Amino acid sequence: MNIFRLLEVASLRLKTNDALFHEQSDTVLGILRSASVLPHRRSSLNGSLHKLVAAMIVQAYEDNTTIDVAVRRAETFHHYGYSTKIVEYLDAAVEQGLL
């Protein structure tokens with residue numbers, strides 16, 4: 001599924017009171033941080049971005065779909081209102097063998 005669609009759905013689900021989804025996202029977040037995919041520094045500032053990345057991965061798993069990154073341009077991510085670091089985080093996760 002397109003990465004922007006996954007990010008949108010994950011963002012909406014994070015705003016709900018779905019305890020299981022939040023728990024799964026927190027677990028994935030912990031895994032990504034322990035594998036140094038997501039930095040530990042400044043987590044108080046970027047924690048919501050990191051959780052969104054984890055939630056996107058959980059959403060893709062639940063939908064039994066892939067994360068399709070058709071465009072890697074930072075301008076496109078900025079246009080849709082998402083961080084330009086998301087592609088770097090996904091690249092690091094692939095390098096670590098997590099995705």
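Note that the structure is a prediction, hence the values are computed from the model and not measured.
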My understanding is that only residues two or more places apart in sequence, or in another chain, count here; which of them pass ring-ring contact (aromatic ring centres under 6.0 Å, His included) with Tyr89?
His50
In chain order, what residues pass the ring-ring contact (aromatic ring centres under 6.0 Å, His included) check against Phe77, with sequence neighbours excluded?
Phe4
Heavy-atom pair of closest approach, residues Gln59 and Ala10:
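Heavy atoms of Gln59 and Ala10 come nearest at CB-CB, 4.4 Å.
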Which pairs, with at least one residue in residues 20-37 and sequence neighbours excluded, count as a salt bridge (charged side-chain N to carboxylate O under 4.0 Å, His left out)?
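Sorted result for residues 20-37: Asp26-Lys51.
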What pairs of residues pass the salt bridge (charged side-chain N to carboxylate O under 4.0 Å, His left out) test when at least one of them lies in residues 54-69, not counting sequence neighbours?
Arg13-Glu62
How many angstroms lie between CG in Leu49 and OH in Tyr82, if you round to the nearest 0.5 Å?
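One gets 11.5 Å once the value is rounded to the nearest 0.5 Å.
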Do [X] and [Y] belong to the same hydrophobic cluster, where Ile, Leu, Val, Met, Phe, Trp and Tyr are linked whenever their side-chain heavy atoms lie under 4.5 Å apart, directly or via other members?
{"X": "Tyr61", "Y": "Ile3", "result": "no"}
{"X": "Leu98", "Y": "Val69", "result": "yes"}
{"X": "Leu7", "Y": "Val9", "result": "no"}

How would you list, by chain and number, every residue that makes a side-chain contact (heavy atoms from CB on, under 4.5 Å) with [X], sequence neighbours excluded?
{"X": "Val71", "value": "Arg73, Thr76"}
{"X": "Ala60", "value": "Leu6, Thr65, Ile67"}
{"X": "Leu99", "value": "Ile57, Leu90, Ala93, Val94"}

Sort and list the pairs that fulfil side chain to side chain donor-acceptor pair (under 3.5 Å) and have at least one residue in residues 1-11, not counting sequence neighbours.
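Sorted result for residues 1-11: empty, none.
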Applying side-chain contact (heavy atoms from CB on, under 4.5 Å), run through Thr16 and Phe21 and close with a yes or a no.
CA-CA 9 Å; Thr16 66; Phe21 184 74; 5.7 Å; no
Check salt bridge (charged side-chain N to carboxylate O under 4.0 Å, His left out) between Glu95 and all other residues, then give those that pass, not counting sequence neighbours.
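Testing Glu95 for salt bridge (charged side-chain N to carboxylate O under 4.0 Å, His left out), a comparison that skips the adjacent residues, returns none.
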Is it the case that the side chain of His22 and the backbone of Leu14 share a donor-acceptor pair, with hydrogens and angles ignored and the cut-off at 3.5 Å?
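Yes; judged by distance alone, with no hydrogens or angles, the pair exists.
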